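The structure under discussion appears below in the form of structure tokens.
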Amino acid sequence: MHSEPRSGRLAAWGNALLAGLVSPDDAVLAIVGSDAVHRVEGLPGESAPVGLTLALGRLRALGVSGLRVALPAPGHPLGLSGPAEFNARALEAEEAVVCHGAALGLVPEVYEAGPEDDVHVEVVWHCLPVREAPPADVPSLGEAERELAEALRDATAVLSRLDVAGSGPVAEAAVEAYRARAERGREMLAPGYPPRAVRVLELAQRVGLLVSLAYENGHGGAVSASEMGARVAALRPVERTGRRAQVAAYNAYVEERER
């Protein structure tokens, strides 16, 4: 996952709104991004889906004081704490937001709507009960930063030898496009986050981008079964480490408040 997840935008800007650091309009604009509209379904006290502004206000009234991110993958329930229904929906979406201060979580469902020549994206966040327990496998910012450095160092030699490190004009163009987006602020965290969280998130997203490019480039120079196995073995822990670091960065606001 090399692009900014919707759960990350909701958590980051929702946290800034809950802290009074941004206006509701600014928070919703940042969360929606290039999508057409976001709604929240299943919110306690609401019989129909509601807009983000009302939803965030209702969550505050229900006692929510912060928002955490979960980025689970098969065999890795990263950031989740149960129950099974919520975990299953989060795993299907590959992301979720877990509320701090109320036993609720939000899982996005993405729809494409409109005519073929004018398709737009709509998102419905399903609000579900969650178990109040420590989230699974979330490192501290310091741990995440160290893990990123170690994973990159260990994997670089293998990926370079197998010619799958994301080289070539297509990969270079993708990296430049990412840097352009980052410079426009699309990949940065909301106000209120510590500088270290911004640094960890940026590095984690760069790692995710390079891993995605390596997968998209096929087998690169890996021509034998053993080389292909080495390629996958090198990428898998780097991908996992990148996701853990993203979660640590997005969750840094709540962790700071708890300390």
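The shown structure was predicted, so the numbers you read here are calculated from the model rather than taken from an experiment.
Between Glu239 and Arg243 there is no salt bridge, since none of the side-chain N atoms of the basic residue sits less than 4.0 Å from a carboxylate O of the acidic one.
Checked against side-chain hydrogen bond (donor to acceptor under 3.5 Å, both in side chains), Arg196 has the following partners two or more places apart in sequence or in another chain: Glu145. Partners of Asn251 according to the side-chain hydrogen bond (donor to acceptor under 3.5 Å, both in side chains) rule, which considers only residues two or more places apart in sequence or in another chain, do not exist here. Every side chain to side chain contact (heavy atoms under 4.5 Å, CB included) that Ala136 has, sequence neighbours left out, goes to Pro77. Checked against side-chain hydrogen bond (donor to acceptor under 3.5 Å, both in side chains), Glu132 has no partners two or more places apart in sequence or in another chain. Shown here are the side chain to side chain contact (heavy atoms under 4.5 Å, CB included) partners of Pro115, two or more places apart in sequence or in another chain: Asp117, Asp118. Not a single salt bridge (charged side-chain N to carboxylate O under 4.0 Å, His left out) links Glu143 to another residue, sequence neighbours left out. Under the salt bridge (charged side-chain N to carboxylate O under 4.0 Å, His left out) criterion, Arg6 pairs with Asp35, not counting sequence neighbours.
Residues Tyr111 make up the rest of the hydrophobic cluster containing Val124, defined by ILVMFWY side-chain heavy atoms closer than 4.5 Å, directly or through other members. Cluster note: Val130 groups with Leu80, Phe86, Val98, Val107, Leu128 through ILVMFWY side-chain heavy atoms spaced under 4.5 Å, whether in direct contact or through intervening members. When hydrophobic residues (I, L, V, M, F, W, Y) are linked wherever their side-chain heavy atoms come within less than 4.5 Å, Leu29 remains an isolated member.
Of the candidates Asp137, Val69, Leu91, Asp137 is the only one forming a side-chain contact (heavy atoms from CB on, under 4.5 Å) with Leu78.
Atom CD of residue Glu4 and atom CD of residue Gln246 lie 8.5 Å apart, to the nearest 0.5 angstrom. Considering CG of Leu203 and CG of Leu148, their distance stands at 4.5 Å, rounded to 0.5 Å.
Each salt bridge (charged side-chain N to carboxylate O under 4.0 Å, His left out) pair with one or both residues in residues 41-54, not counting sequence neighbours, appears once here: Glu46-Arg58. Residue pairs that meet the salt bridge (charged side-chain N to carboxylate O under 4.0 Å, His left out) test with at least one member in residues 17-34, sequence neighbours left out, do not exist here.
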Checklist entry - Please walk me through it: do Tyr250 and Asn15 pass side chain to side chain donor-acceptor pair (under 3.5 Å)? => result CA-CA 10 Å; Tyr250 285 121; Asn15 283 331; over 6 Å; no
